[in-house]
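Values reported hereafter were calculated over all heavy atoms of this structure, with side chains retained and with hydrogens, waters and symmetry mates removed.
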Amino acid sequence: MEINLISDTVTKPTPEMLHQMFHAKVGDDVFKQDPTVNEFEAIVANMFGMEAALFFPSGTMANQTAIKLHTNPGDQIICDKWSHIHLYESGGASANSGVNFNLLDGNRGMINAEQVKNGINDPEFYHTPFSKLVSIENTTNKGGGACYDIEELQKIKQVCVENNLKYHLDGARLWNALIAKKQHPKQFGSLFDTISVCFSKGLGAPVGSVLVADAATIKRAIRIRKIFGGNMRQSGYLAAAGIYALQNNINRLEDDHRRAKELGKKLVECSWVLSVAPVETNIIVFSVQSHIEDNLVIEKLKQKGIAISLLAKGSLRMVTHLDYKEVMHTYVLETLEKMEF
């Protein structure tokens, strides 16, 4: 039995999802003539109470488009030091938009309104870049799937309004936050200028993210997507997977969260584990005793048919997902309990 807990991106479409994909009505989306893509974008925009949406081949491209929409070269983005747009998008913000970062030292990847307020540069002081954009990641990847409280996001929004800053949400795993916090997409749509949401992680689709915003912003985003090479033709086959995911795979995220919490609890009980970060959603981040090499843990689990990842030195990660079934979960729990170093 091969069990892959490296990421929730490893999922494959279910037979039911494939059936919907293969029977999708398609056209040329570059001419906005793919009916399934048009339907998908309308559904997502409506979910968030926003005017329009645009389908992208990746979350990175959707985030990079948002950055380019809201900034000019030389401007600055305010975000947490662990943000995906800073650490894991290959320097795209610098290469694509010519911007830099004010990296705040948040809590598990989450920043607060006071930090944002203190991080804004004086626009009259010409030695520093203009602060133009605040970017939030929810849930936080490197923060172990931590979720923002909506009240803090509202406070940050007020800071943005008072200082004429744009507000972007990297919501790659926002679906997990919505389930964990019992929140509604429209709560986020009312706060952010742009939101990117991913369908190839917890929702199990093979490809794609969607950017939502007002209609004028999405019209501009179409041109930027073209510049980045993100136009697709008969992408309705992929959009159909997204529609299926929305209809069938959101509420089941509770299963992923339950299993993740049970894995976290089991790790706490293991003598070879030093610490386990609080588990809120589907990501478990843990460290092992100092005399144990991270790679040794990875290798011993690999020998048992279980794949996990190294998030950073001294930080190991497991991620539960659609393809991680209960029988696998039972086996992993038993394996962890029996492991010795």
Side-chain angles (χ1 to χ4, degrees), residues 1-11 80 82-84 87-88 106-110 137-148 172-181 198 200-204 249 252-290 292-341:
M1 181 163 47
E2 295 296 322
I3 302 171
N4 194 334
L5 295 174
I6 288 175
S7 176
D8 45 7
T9 60
V10 302
T11 58
D80 185 87
W82 285 354
S83 291
H84 193 278
L87 291 178
Y88 300 121
N107 174 31
R108 297 179 63 208
M110 299 181 294
E137 185 180 330
N138 191 33
T139 70
T140 65
N141 175 28
K142 197 170 181 181
C147 310
Y148 276 87
R173 293 184 175 90
L174 181 60
W175 311 112
N176 296 87
L178 293 172
I179 292 298
K181 291 283 196 178
C198 183
S200 61
K201 295 185 174 71
L203 296 194
N249 291 345
R252 65 144 308 278
L253 291 172
E254 292 180 352
D255 293 333
D256 297 344
H257 298 175
R258 172 183 58 81
R259 291 174 183 142
K261 290 174 183 177
E262 290 173 359
L263 288 171
K265 183 178 179 182
K266 179 60 67 177
L267 286 166
V268 168
E269 297 169 356
C270 295
S271 61
W272 47 274
V273 172
L274 177 64
S275 65
V276 182
V279 181
E280 288 187 73
T281 51
N282 69 322
I283 300 176
I284 309 102
V285 175
F286 67 101
S287 61
V288 296
Q289 299 290 345
S290 59
I292 304 171
E293 292 290 332
D294 294 329
N295 287 334
L296 178 60
V297 178
I298 293 173
E299 183 57 34
K300 289 195 76 167
L301 285 170
K302 184 179 179 181
Q303 291 171 5
K304 298 291 185 179
I306 303 167
I308 70 169
S309 61
L310 182 66
L311 187 60
K313 183 175 174 56
S315 185
L316 294 159
R317 186 181 81 158
M318 297 178 176
V319 186
T320 58
H321 50 76
L322 178 68
D323 291 354
Y324 178 59
K325 306 302 184 183
E326 194 66 27
V327 63
M328 299 176 177
H329 182 55
T330 300
Y331 172 76
V332 173
L333 291 172
E334 292 173 350
T335 301
L336 292 173
E337 187 172 348
K338 294 175 183 176
M339 282 181 64
E340 295 180 354
F341 292 90

Go through K300 and K304 one step at a time and tell me if the side chain to side chain contact (heavy atoms under 4.5 Å, CB included) criterion holds.
-> CA-CA 7 Å; K300 289 195 76 167; K304 298 291 185 179; over 6 Å; no
Looking only at non-hydrogen atoms, find the nearest pair between E2 and M328 and report the distance.
-> O-CE, 4.2 Å
How about E340: does its CD atom have over 12 heavy atoms from other parts shown lying under 6.0 Å from it?
-> no
Does CD in E293 sit with more than 12 non-hydrogen atoms of other residues, nucleotides or ligands closer than 6.0 Å?
-> no
Can you measure from OG1 (T139) to CG (L174) and round to the nearest 0.5 angstrom?
-> 8.5 Å
Please report the shortest heavy-atom distance between L253 and G202, naming the atom on each side.
-> CD2-O, 3.5 Å
Contacts of D8 that satisfy salt bridge (Lys or Arg N to Asp or Glu O under 4.0 Å) - sequence neighbours left out | R173
Roughly how far, to the nearest 0.5 Å, is OG of S309 from CG of L316?
-> 8.0 Å
Provide the closest heavy-atom pair for I283 versus V285 in the form atom of the first, atom of the second, distance.
-> CG2-CG2, 4.0 Å
Do W175 and N249 come close enough that some side-chain heavy atom pair is under 4.5 Å?
-> no
State whether the number of non-hydrogen atoms from other residues, nucleotides or ligands found under 6.0 Å of K265 atom NZ is greater than 12.
-> no
E262 bridged to K266 by N-O distance under 4.0 Å | no
Rounded to the nearest 0.5 Å, how far does OG of S7 lie from CE of M318?
-> 14.0 Å
Are the side chain of T281 and the backbone of G145 linked by a donor-acceptor contact shorter than 3.5 Å?
-> yes
Test salt bridge (Lys or Arg N to Asp or Glu O under 4.0 Å) applied to R108 - qualifying residues, sequence neighbours left out = E280
Show your working on side chain to side chain contact (heavy atoms under 4.5 Å, CB included) between V297 and W272 and close with a plain yes or no.
-> CA-CA 10 Å; V297 178; W272 47 274; 4.1 Å; yes
Does some side-chain heavy atom of F341 sit less than 4.5 Å from a side-chain heavy atom of V288?
-> no
Between V10 and D323, is a side chain to side chain contact (heavy atoms under 4.5 Å, CB included) present by the stated rule, with each step listed?
-> CA-CA 8 Å; V10 302; D323 291 354; 5.8 Å; no
What heavy-atom pair brings K201 and A172 nearest, and what distance separates the two atoms?
-> NZ-CB, 3.9 Å
When you look at V319 and I6, which way does the side chain to side chain contact (heavy atoms under 4.5 Å, CB included) test go after all the steps?
-> CA-CA 6 Å; V319 186; I6 288 175; over 6 Å; no
side-chain hydrogen bond (donor to acceptor under 3.5 Å, both in side chains) against D80, all qualifying residues, sequence neighbours excluded | none
The reported gap from NE2 in H257 to CZ in R252 (rounded to nearest 0.5 angstrom) is 9.0 Å
Okay, side chain of H329, backbone of T320: is any donor-acceptor separation there less than 3.5 Å?
-> no
Pairwise distance CG(L301) to CG(L296) - rounded to 0.5 angstrom = 9.5 Å
Does D256 use its side chain to pair, donor to acceptor, with the backbone of N282 at less than 3.5 Å?
-> no
Could you state the interatomic distance from CG (N176) to NE2 (H321), rounded to the nearest 0.5 Å?
-> 12.5 Å
Please name the pair of heavy atoms, one in K313 and one in D294, separated by the smallest distance, quoted to 0.1 Å.
-> C-OD2, 3.8 Å
So, W82 side chain and L87 main chain: donor-acceptor pair closer than 3.5 Å or not?
-> no
Non-hydrogen atoms of Y88 and K142 that approach each other most closely | OH-CD, 3.7 Å
Let me know which of L274, I308, L311 forms a side-chain contact (heavy atoms from CB on, under 4.5 Å) with F286.
-> I308
